[in-house]
Number of protein chains: 2
Amino acid sequence: IIIAQDVHKVYRMGEVNVPALRGVSFKIESGVFASFVGPSGSGKTTLLNLIGCLDQLTDGQLTVADQDVSALNYTERARFRGDHIGFIFQDFNLIPVLTVYENVEYPLVMVKNVPKNRRKEKVLSLLEAVGMSDQRDKFPNQISGGQKQRLATARALTTDPKLVLADEPTANLDSATAYKIIELMRKLSREIGTTFVFSTHDTKIISEVDTVYTLEDGMITGTLIQKGA
Amino acid sequence: IIIAQDVHKVYRMGEVNVPALRGVSFKIESGVFASFVGPSGSGKTTLLNLIGCLDQLTDGQLTVADQDVSALNYTERARFRGDHIGFIFQDFNLIPVLTVYENVEYPLVMVKNVPKNRRKEKVLSLLEAVGMSDQRDKFPNQISGGQKQRLATARALTTDPKLVLADEPTANLDSATAYKIIELMRKLSREIGTTFVFSTHDTKIISEVDTVYTLEDGMITGTLIQKGA
Ligand SMILES: Nc1ncnc2c1ncn2[C@@H]1O[C@H](COP(=O)(O)OP(=O)(O)OP(=O)(O)O)[C@@H](O)[C@H]1O
Ligand SMILES: Nc1ncnc2c1ncn2[C@@H]1O[C@H](COP(=O)(O)OP(=O)(O)OP(=O)(O)O)[C@@H](O)[C@H]1O
Ligand SMILES: [Mg+2]
Ligand SMILES: [Mg+2]
């Protein structure tokens, strides 16, 4: 579902160029659990942003779900992302003026145009799955850090996307809650064949995935195939 | 340095009351490394916010550095915090219009009125200690998640506070970088007797601290004395 060939990303800051990705190549099949690991600043978020069509590569080829994403313009990327991808942001990126319930419901209204009664069923079952049912009427500034993270996860899964990009989804969670989230993702992968690509430092996730790519200084320096826990 | 007696915190949201802390008592001596652990939503950030004078308790007594903090008004709390406490926020709370360098320098200018040449020495040595020297001229939206977290840590240590409250300071860091930060804190504790109180899920921190308090549903359900690693 994801094919990357010699992908480069340079951030241009005035006079200075920051080479965040310096030639990354890999192939992730559909339904796989894969993870990128590596030091802080090694390029994990940058790579997930490219796959998730939130940013454009500066060189190389990147194909997601048979679509060459570098051929898409801004509006086409937003539509492609809405149709196929769920993104769990490292800094959550929640909508502050919507409640917990409305944040999860939003993609179903805006992107998929799902009827109201089926939306309610979906939102409530996801909030239950991430342990957030009793927080549903609160706003993002009225919940804890780990609750924000779980809300961001529920929101990414609400449209049953083919591909979920999860940037540090358990960083703010205790072990028991983290395992609950990982188990939820495993269930989706088994039942509807969702592909999950993680950026993480969490050994609980790393030990669960099929493939681990090590990223250092914008290059892949190691690939470990484990075929899942 | 911190004495809590039967501390309560209720968040009032219109008709609904959320009891985040339901009677917490403990005593943390000066120079100690202590940590609060517990499930997401158990009240760790709420407790650190009370100790850090960012919020007021609703019942009980709380004394920090011999000051009864519930007796302070808003401006007195801000001054007390600026004089004695370094706070590492769970969501970093950086100033977006200041560079990395200026974010670390800011407390030295605003609070301590340190002369410019001594400020430069201090800021550069802290940026070096957290591995962020080459990011100094960037803005917070131009650095990675873990780099933001390390910047938030450097900023909290810049005034050599007596007490540092660190809310999940390693959540976004790989192991090697996390150990570098923990080592920096250990060094400050040894050299200038800084007291560190963590809220964390990171076993690397938990195994290093002198005392571990387990918080569940707003109550302390366990106290483990380890006397440091
Ligand atoms: N401003 C607020 N208004 C209402 N409820 C709040 C507010 N802030 C926090 N809460 C609630 O109080 C409880 C404790 O929150 P707190 O942020 O202290 O938890 P935490 O232990 O730090 O969790 P995490 O590990 O997820 O960061 C949570 O259930 C949260 O939803
Ligand atoms: N908008 C930007 N402008 C300039 N440099 C950037 C920008 N965004 C990221 N960078 C730099 O690119 C490098 C890679 O950043 P990235 O966020 O991908 O790292 P990461 O592996 O996700 O790190 P972390 O584990 O800390 O989240 C970092 O050195 C960062 O400072
Ligand atoms: Mg990142
Ligand atoms: Mg918290």
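In what follows, every chain begins at residue 1, and chains take the letters A, B, ... in the order their sequences are listed.
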Would you say A:E128 has more than 12 foreign heavy atoms packed within less than 6.0 Å of its CD? no

Contacting region of A:S40 [heavy-atom separation from chain B under 4.5 Å]: both

Quick check: do A:Q142 and B:V18 have side-chain heavy atoms less than 4.5 Å from each other? no

Expected output: side-chain A:D174 to main-chain B:H201 donor-acceptor under 3.5 Å: no

Pick from B:T177, B:V16, B:N172, B:T46: which one has the most heavy-atom pairs with chain A under 4.5 Å? B:N172

Is the number of heavy atoms from other residues, nucleotides or ligands within 6.0 Å of OH (B:Y106) greater than 12? no

With chain A, which of B:T200, B:D202, B:L173 has the greatest number of heavy-atom pairs at distances under 4.5 Å? B:L173

A:K44 versus chain B, heavy atoms under 4.5 Å apart: side chain, backbone, both or neither? neither

Is A:D91 in contact with chain B via its backbone, its side chain, both, or neither, using a 4.5 Å heavy-atom distance? side chain

Are any non-hydrogen side-chain atoms of A:D137 and B:M13 less than 4.5 angstrom apart? no

CZ/A:F26: more than 12 non-hydrogen atoms of other groups inside 6.0 Å: yes

Among B:S175, B:A20, B:P39, the residue with the most heavy-atom pairs under 4.5 Å to chain A is B:P39

Most heavy-atom pairs under 4.5 Å with chain B, out of A:Q90, A:E168, A:Q147, belong to A:Q90

